[in-house]
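Below: one structure, written as structure tokens.
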Amino acid sequence: MADIERDDNLGEFEIIEFEDEEGNKEQFIQEMIIEIGEKRFAILVPFNEEEDCCCEGEPCDCDEEGTDAFIARIDKGEDGEDIYVDPTDEEYEQVLQAYEELLEEETEA
């Protein structure tokens, strides 16, 4: 499910791949993990290797329309592997608030 990729400019990043009910696969970059209490949440950004931009398939923010980020709770499956599930509405709001605070801190620094 998760692969580690190497980019000389960004260091290591993790590619997460999901498959929908119709067999369509989508890849996401795990931008960061936010821990709230005992739970971990991933901020996932779409990754498109075929995107026509100057970054040649490397993670970037060149998308002119903006990039949607997704929040997923990281649970452990029976096999011990990480599984990504939808957070509850309450969890989503908590993670969104924590993420916005982190972004605010970065812009102030």
Side-chain angles (χ1 to χ4, degrees):
M1 175 180 266
D3 296 317
I4 301 292
E5 300 288 335
R6 176 98 183 133
D7 179 285
D8 292 333
N9 296 324
L10 298 174
E12 289 186 351
F13 56 93
E14 191 167 4
I15 301 291
I16 309 298
E17 187 173 88
F18 295 102
E19 186 173 329
D20 65 16
E21 301 83 30
E22 298 170 3
N24 300 318
K25 294 181 180 180
E26 288 188 71
Q27 292 184 327
F28 295 86
I29 295 172
Q30 185 169 284
E31 182 178 284
M32 73 172 55
I33 294 177
I34 296 176
E35 293 185 17
I36 298 179
E38 298 283 321
K39 297 179 182 177
R40 297 180 323 144
F41 299 87
I43 305 297
L44 304 172
V45 179
F47 176 67
N48 184 359
E49 291 180 302
E50 299 167 7
E51 186 174 316
D52 188 22
C53 73
C54 61
C55 299
E56 300 175 6
E58 297 174 358
C60 68
D61 56 1
C62 293
D63 188 359
E64 294 174 14
E65 297 177 20
T67 301
D68 293 328
F70 300 93
I71 298 172
R73 187 178 70 232
I74 304 171
D75 290 344
K76 291 286 184 193
E78 292 178 12
D79 58 2
E81 293 285 322
D82 287 345
I83 57 173
Y84 295 78
V85 297
D86 291 330
T88 66
D89 290 342
E90 182 181 326
E91 290 170 337
Y92 178 88
E93 291 300 323
Q94 290 174 337
V95 174
L96 185 60
Q97 182 178 352
Y99 182 68
E100 288 173 349
E101 288 173 7
L102 285 170
L103 291 178
E104 195 174 294
E105 290 174 11
E106 285 181 9
T107 57
E108 290 174 1

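Since the structure is predicted, the reported quantities are computational estimates derived from the model, not experimental observations. As a basis for the values below, the full set of heavy atoms in this structure was taken, side chains included, without hydrogen atoms, waters or symmetry mates.
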| task | With sequence neighbours excluded, tell me which residues meet side chain to side chain contact (heavy atoms under 4.5 Å, CB included) with E21. | result |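 Expected list: none.
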
| query | For D86, which residues count as a salt bridge (charged side-chain N to carboxylate O under 4.0 Å, His left out) partner, sequence neighbours excluded? | reply |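 Salt bridge (charged side-chain N to carboxylate O under 4.0 Å, His left out) list for D86, sorted by chain: empty.
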
| request: Please list, chain by chain and in numerical order, all residues satisfying salt bridge (charged side-chain N to carboxylate O under 4.0 Å, His left out) with E101, sequence neighbours excluded. | output: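 E101 satisfies salt bridge (charged side-chain N to carboxylate O under 4.0 Å, His left out) with no residue once adjacent residues are dropped.
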
Atom [atom1] of [X] with >12 non-hydrogen neighbours under 6.0 angstrom:
X    : atom1 : result
E108 : CD    : yes
E19  : CD    : yes
K25  : NZ    : no

| message | Taking V45 as the starting point, is it possible to reach I71 by hopping between hydrophobic residues whose side chains are less than 4.5 Å apart? | response |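 Each belongs to a different hydrophobic cluster.
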
| task | Mind listing the closest non-hydrogen atom pair of T107 and E104 along with its distance? | result |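 For T107 versus E104, the nearest heavy atoms are OG1-O, 2.8 Å.
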
| field | Closest approach of A72 to P87 (non-hydrogen atoms, all atoms of both residues) | value |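 Taking A72 first and P87 second, the nearest heavy atoms are CA-CD, 4.2 Å.
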
| request: Working to the nearest 0.5 Å, report the span between CG of L44 and CD1 of I29. | output: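 Between atom CG of L44 and atom CD1 of I29 there are 10.0 Å.
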
| task | Drop me the distance from T88's OG1 to E93's CD, to the nearest 0.5 angstrom. | result |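 Those atoms lie 9.5 Å apart.
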
| said: Is the shortest side-chain heavy-atom distance between L96 and E100 below 4.5 Å? | reply: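 Contact flag for L96/E100 side chains = yes.
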
| Non-neighbouring partners of D20 that pass side-chain hydrogen bond (donor to acceptor under 3.5 Å, both in side chains), sequence neighbours left out |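 With neighbours one apart ignored, the set is N24.
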
| For Q94, all residues meeting side-chain hydrogen bond (donor to acceptor under 3.5 Å, both in side chains), sequence neighbours excluded |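 Q94 satisfies side-chain hydrogen bond (donor to acceptor under 3.5 Å, both in side chains) with no residue once adjacent residues are dropped.
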
List the atom pairs, with distances to 0.1 Å, where a side-chain N or O of residues 30-43 and a protein N or O form a donor-acceptor pair under 3.5 Å, not counting sequence neighbours.
from : atom 1 : to  : atom 2 : distance (Å)
Q30  : OE1    : Y84 : OH     : 2.6
Q30  : NE2    : E14 : OE1    : 3.3
E31  : OE2    : Y99 : OH     : 2.7
K39  : NZ     : E91 : OE2    : 2.7
R40  : NH2    : D82 : OD1    : 3.4
R40  : NH2    : D82 : OD2    : 3.3

| Non-neighbouring partners of F70 that pass ring pair (Phe, Tyr, Trp, His ring centres under 6.0 Å), sequence neighbours left out |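 Ring pair (Phe, Tyr, Trp, His ring centres under 6.0 Å) list for F70, sorted by chain: F28.
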
